[in-house]
Amino acid sequence: MDPILHHYDASPFSEKVRIVFGMTGQAWSSVITPNIMPKPDLTPLTGGYRRAPVLQVGADVYCDSQAILDELQRRSPLPGDRGLAGLRGINLWADRLFFQATVPVIFGELGHLTPKAFIADREKLSGRPFDVGAMAQAAGPMRVQWRGHAAWIDDALGEAPFLAGERPGLADAAAWMNIWWLKGALPDTYARLTAGLDQLEAWRARMAAIGHGVRKDITGAEALSVARSVRPADPPPHDRDDALGLSPGDPVVVMADDYGRDPISGTLVAARQNRLILAQETPDLGRLHLHFPRVGYIAMPGKT
Ligand SMILES: N[C@@H](CCC(=O)N[C@@H](CS)C(=O)NCC(=O)O)C(=O)O
């Protein structure tokens with residue numbers, strides 16, 4: 001069964017996953033979700049989780065690019081990649097610190113072109129004003145930081161073609177996201193902020209050539225009928241030492257700890273060091289298993 005990615009083309013977190021499909025050369029199905037709410041073909045699958053990307057494999061649904069990369073690596077490890085062991089820190093750096101520098105750099109310049117509906121949606125998502133003026137003011141200092149982040153990649157590469165070594169790996173995919181986003185959105189700013197970072201530029205060109213594997217477009221309705229037609233895969237074992245202190249079958253609520261904190265409730269299937277799996281019995285789609293990372297997510301006993 002090909003994995004199904006729910007995403008949209010302009011989404012940087014989704015690009016991180018698409019390039020992993022390119023690295024493995026694998027076939028995948030693409031469902032384009034809207035970039036603002038509502039997302040009627042996505043939220044029934046995710047129990048309300050709304051961010052992009054989401055990976056669906058039958059009736060198993062992986063929320064957050066961290067859980068997605070983890071799962072893709074488990075299914076088809078990249079040759080020469082040490083797996084997630086060396087990646088998780090790089091991944092969280094890219095998702096949080098580097099991303100938080102990229103947002104004001106991009107919206108500081110493009111904010112005045114941003115549709116009102118998008119701004120209203122992002123204010124609801126973050127619980128804070130999407131203040132284009134403040135982002136324009138922050139853009140100057142953030143450009144300086146952005147170049148600092150980019151220089152970390154340049155330094156880390158040294159003479160190697162990829163961060164993972166001779167072949168690209170998950171660390172490359174994580175580091176790629178913000179580079180791809182700024183280069184695509186503001187090519188002149190990108191050129192200014194990466195001037196002299198020659199290893200980075202050579203790496204960027206190598207990464208851009210990787211592509212996205214074999215993408216087949218399907219509709220959201222088709223993806224929902226896939227979920228309806230199968231049961232979730234057998235889950236991995238529950239970790240009895242887990243700090244949450246719950247047992248399989250207990251009610252649990254999960255939410256992101258940064259933005260898009262919609263609480264998702266279900267029944268605990270397994271709590272593991274790097275994965276929390278909860279079940280939902282849905283009238284339309286039957287049983288679903290939702291997979292979340294642990295770092296970056298709050299899990300609590302109870303119901304919403
Ligand atoms: N930590 C999440 C963050 C995902 C994220 O922020 N995605 C953005 C799009 S790139 C998003 O969902 N924005 C709101 C939306 O598209 O509805 C991940 O790694 O997947």
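Order of appearance sets the numbers: ligands from 1, and atoms from 1 within every ligand.
The cationic group of Arg122 does not satisfy the cation-pi geometry with Phe107, failing either the under 6.0 Å distance to the six-membered ring centre or the 45° limit from the ring axis. Figure legend: Arg206 and Phe162 shown as a cation-pi pair, the cationic atom lying under 6.0 angstrom from the six-membered ring centre and within 45 degrees of its axis.
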_Between Arg51 and Asp258, is the salt bridge (Lys or Arg N to Asp or Glu O under 4.0 Å) condition met? List the steps._
CA-CA 12 Å; Arg51 302 193 294 188; Asp258 49 358; 3.1 Å; yes
*asked:* Go through it in stages, so that I can follow the logic: the residues are Arg294 and Asp242, the test is salt bridge (Lys or Arg N to Asp or Glu O under 4.0 Å), and I'd like the CA-CA distance, side-chain angles, deciding distance and then a yes or no.
replied: CA-CA 11 Å; Arg294 302 306 296 271; Asp242 189 79; 2.8 Å; yes
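Tyr49 and Phe292 have perpendicular rings, their planes meeting at more than 60° on a 0 to 90° scale where under 30° would count as parallel.
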Give the table of side-chain donor-acceptor pairs shorter than 3.5 Å for residues 174-187, with sequence neighbours excluded, one pair per line with atom names and distance.
unit_1	atom_1	unit_2	atom_2	d
Trp176	NE1	Glu15	OE2	2.9
Asn178	OD1	Thr102	OG1	3.0
Asn178	ND2	Ala94	O	3.0

Under a 3.5 Å threshold, I'd like every N/O contact between ligand 1 and protein atoms, with atom names and distance.
unit_1	atom_1	unit_2	atom_2	d
ligand 1	1 (N)	Asp64	OD2	2.7
ligand 1	6 (O)	Tyr259	OH	2.6
ligand 1	7 (N)	Ala52	O	2.8
ligand 1	12 (O)	Ala52	N	2.9
ligand 1	16 (O)	Tyr8	OH	2.6
ligand 1	16 (O)	Lys39	NZ	3.4
ligand 1	16 (O)	Arg122	NH2	3.3
ligand 1	17 (O)	Lys39	NZ	2.6
ligand 1	17 (O)	Arg50	NE	3.3
ligand 1	17 (O)	Arg50	NH2	2.5
ligand 1	19 (O)	Asp64	OD1	3.1
ligand 1	19 (O)	Ser65	N	3.3
ligand 1	19 (O)	Ser65	OG	2.5
ligand 1	19 (O)	Asp95	OD2	3.4
ligand 1	20 (O)	Ser65	N	2.8

